[in-house]
Amino acid sequence: MTAKEIRQSFKQFFESKQHAIVPSAPMVIKDDPTLMFTNAGMNQWKDIILGTRDPEPRRRADTQKCLRVSGKHNDLEEVGHDTYHHTMFEMLGNWSFGDYFKEGAIDMAWEYLVDVLKLDPANLYVTVFEGDPEEGLARDDEAAQFWLKHVPADHIINGNKHDNFWEMGDTGPCGPCSEIHLDSRTDEERAATGVAGRDLVNRDHPQVIEIWNIVFMQFNRKADGSLEPLAMNVIDTGMGFERLVRALQGKHSNYDTDVFTPLLKKEEEITGKSYGTDEPTDVAMRVCADHLRAVAFSIADGQLPSNAKAGYVIRRILRRAVRYAYTFLGQREAFLYKLLPTLIDEMGDAFPELPAQQQLISRVMQEEEEAFLRTLDKGIALLDKAMDALKAAGKTELDGTEAFRLFDTYGFPLDLTELICRENGLTVDEEQFQKEMQKQKERARNAAQVENGDWISVSSAGEQQFVGYDFTEYECRIIRYRKVTQKKQSFYELVLDNTPFYGEMGGQVGDQGVLVSEEETVEIIDTRRENGQSVHIVKQLPKNIESPFMACVDTDKRNASAANHTATHLLDYALRTVLGEHVEQKGSFVSPSTLRFDFSHFQKVTDEELRQVERIVNDLIRQDIPLDEHREVPMDEAKELGAIALFGEKYGDKVRVVRFGPSCELCGGIHANSTGRIGFFKIVSESSVAAGIRRIEAKTGMECEELIYQLEDMLKGIRMCFNNAKDLQGVIEKYISEHDTMKKQIEAFQAQAVEQTCKNLVSKARTIGGVQVVSAVMPMAPDVAKDLAFKIRAAVAGPLVCALGTTYQEKPLLTVMLSDDMVNDHGLNAGQMVREAAKLIKGGGGGQPHFAQAGGKDTDGLSVAIDKVIELCQL
Ligand code: ATP
Ligand code: MG
């Protein structure tokens, strides 16, 4: 079976078991502060598992794009060196939310692998949780019992808490799990070593690997570490697609399956090297094939490489690939982006976000690669210097701090530093490097540390209802709260039963406002969104936490944000109209005071185009088009309404459509009731954020008023400088042209004057010992003095010493000019002489042997300084 067929068969199988087949969530997570990338299939069901979202349909299956390069799951350093861990991979999964549990999950997994796919059960092993006395947990006999229906007892292996007890995080849902492992060794290998497959399970043997993990979520871990039963049992399974393909295609490496071979072939073609020659080449080729996927999918999901957070993770992955290609595949130019067409040929069908954004992905990758290659060159130059210094000092070991500086500031990796040092017969103090690395990690950890307390229930009023689309004030009660401490500051998070407060999402900032009861008013400083709910941030808990409150949103801020959000939609529409349909939203930020919109477009937007965009938006504003909103509609219906769905956005089963005339988008944000409320729209800047991505910042309503006042005041100020001229531009142009003419005249006069002075001085030259000596003290600008000195030199034939003392704006300047023979035959040096003589004007300076200048502080010393120069000539 081909990879494509295998992906299809998984979906078909679970469909036949009454599972709803759902789309993969984006790999880049946008609205969860605790997770940057999807690292398991269950991420997108977190709120169902936590009980804050409707679990229907209770059986689901999908193939999920995952990335394991940061946080709890980080396989980055393995990737390329082994043949079964990837950065980005597909996880096949099936779920049961309070439907079937251990028996159903085990039966289905077995049926699929053995009956449908025909894997040989003799090569399959399963693990069960052995129990943990400290936690008061017994062995998972239940799971073992169900496995015994399918496998002999010696294929069931006990596993410890590390391998067989799955936890979502420090707190939250968790439970025992059973993994299915595959022994894919050849018969010869098995015979040769005589080691049974069961003894290699979970021992990092490259041919005995885990393929499927079936998690039985049945507990909730509290902040104090204790466990309580979960309200609803959950089955969560994850099977590595690339590993399954390898098993079915009978290969010994994921890279030998048709998921990767086309990419490796393309690499061979470009580099002229062959896969399978030697380990370093193979590792590098695997790294490039793997990382290409991770980077391309991230960009398609809207995450561009950058300097912070998720963007930085992507940048690091790309750089890792570049440096392997640089060091081991001899690639000195951008390389990865050249593999992109091959990837799209292979995966474009299953993941339409790739072909749809090919041009953007390609440009971003190429530019990123080129930028890093320049950094590498810079790093190599710095390293060369450091190595020279080492050699000069007779040392052979590069300081670890220096290696770390190269790594930290220039992105220059340790292994590359080591490689280059080795080539030069030097070593690197790795221990010191690691110490520095550790220190930096600790600094980062301390800065980011957040301590979450347990949620404390106040009332059991059911789950939160968001009423903010219709109300800005609403009666409510607090359902639960918790204390959060970050950077030594504490605040509280409140969940209300009914809330009009919008939690930050989709680029729109969270609402602020107050909770009011009969006896007190509590300020809500921000609202965030967590697991689909608005979480209200307060500095202090209300004194009477159980009383009824009125939740009141700050409507000035809310209305301003809403207007900006609506304006963003109109801007999006106008940009598509003016620039073309390739324009895709790549990010947005909406606050009460401003709006920012990032979008794909490959050149600067011209002033003309910006005007056109503004005119379209303002025209829609004047039409005062009312908000046409459709809540809770199925995706198909939304598309029929004409809504644009974005790649990389997570959409639920039901979506909300927001339409203002020709603009129609899927959006959960708060909008103006009609476009007229925006008042006025004005773009304030257009710039580039990355290759192929432009950014527009704009203002609306009152902020525009302020903007116009500022511009008006500035203009008034300028006009006043020009006697309130009516034709301001004409007057300024006239001033400029007069200024230019005068400047030219002055320069001509100056040249004449210098010419004259030169003649005068030369005619008064003294002759001492056959040398003509020209000297004078006079007021003159420094550059004119220099000009004069060169003119004198040109006017005098034969040996010359010229010493000029000039003053300009009460500062003295000493200028010395010598003819060539004075330098060559008499061994004089103007630079040295001027330095010596400048002491007499309390200054210093220098220059070349035949010409030098020195400034100072004491104009009275100029004549003696000139005498000194002549004296130093010893004529
Ligand atoms: P391993 O011990 O091999 O790293 P894991 O315990 O981290 O696996 P799970 O978190 O249980 O794996 O993920 C479920 C499945 O996803 C695994 O059984 C495996 O098939 C697959 N998988 C996990 N990590 C990777 C990876 N980095 N690349 C490819 N597939 C993976
Ligand atoms: Mg792992």
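Predicted, not measured: the structure shown is a model, and the values here were computed from it. Numbering of ligands and ligand atoms starts at 1, following listing order. Hydrogens, waters and symmetry mates play no part in the numbers below; they use all other heavy atoms, side chains included.
Residue contacts with ligand 1 leave out Ile209, since none of its heavy atoms falls under 4.0 Å from the ligand. For Tyr84, the heavy-atom gap to ligand 1 drops under 4.0 angstrom.
For atom 30 (N) of ligand 1, the closest heavy atom belonging to the protein is Phe89 CD1, 3.4 Å. Regarding atom 24 (N) of ligand 1, its nearest protein heavy-atom neighbour is Arg68 NH1, 3.2 Å. When only non-hydrogen protein atoms are considered, atom 6 (O) of ligand 1 lies nearest to Glu210 OE1, 3.2 Å. Arg243 NH1, 2.9 Å is the protein heavy atom nearest to atom 3 (O) of ligand 1.
With distances taken over non-hydrogen atoms, the option nearest atom 14 (C) of ligand 1 out of Gly238, Gly93, Ala247, Cys177 is Gly238.
With sequence neighbours excluded, no residue forms a ring pair (Phe, Tyr, Trp, His ring centres under 6.0 Å) with Tyr326.
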Pair up each side-chain donor or acceptor in residues 338-356 with any protein partner under 3.5 Å, not counting sequence neighbours, and list the distances.
{"residue": "Lys338", "atom": "NZ", "partner": "Ala334", "partner atom": "O", "Å": "3.4"}
{"residue": "Glu353", "atom": "OE2", "partner": "Lys65", "partner atom": "NZ", "Å": "2.6"}

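Between Met91 and ligand 1, no N or O atom pair is found at a separation short of 3.5 Å. Polar contact with ligand 1: present for Ile211 (N/O pair, distance under 3.5 Å).
Environment of CG in Asp204: sparse, with no more than 12 heavy atoms of neighbouring residues, nucleotides or ligands closer than 6.0 Å.
For Tyr125 and His155, the gap between ring centers is short of 6.0 Å.
Cation-pi geometry between Arg59 and Trp95 is not met at under 6.0 angstrom from the ring centre and within 45 degrees of the axis.
Under 4.0 angstrom from ligand 1, the non-hydrogen atoms of Asp75 all belong to its side chain. Of the heavy atoms in Trp212, only backbone atoms (N, CA, C, O) come closer than 4.0 Å to ligand 1.
Of the inter-residue distances, the one linking Arg60 atom CZ with Ile21 atom CD1 reads 11.5 Å to the nearest 0.5 angstrom.
When each of Thr38, Asp62, Ile29 is tested with Gln44 by the rule side chain to side chain contact (heavy atoms under 4.5 Å, CB included), just one qualifies, namely Asp62.
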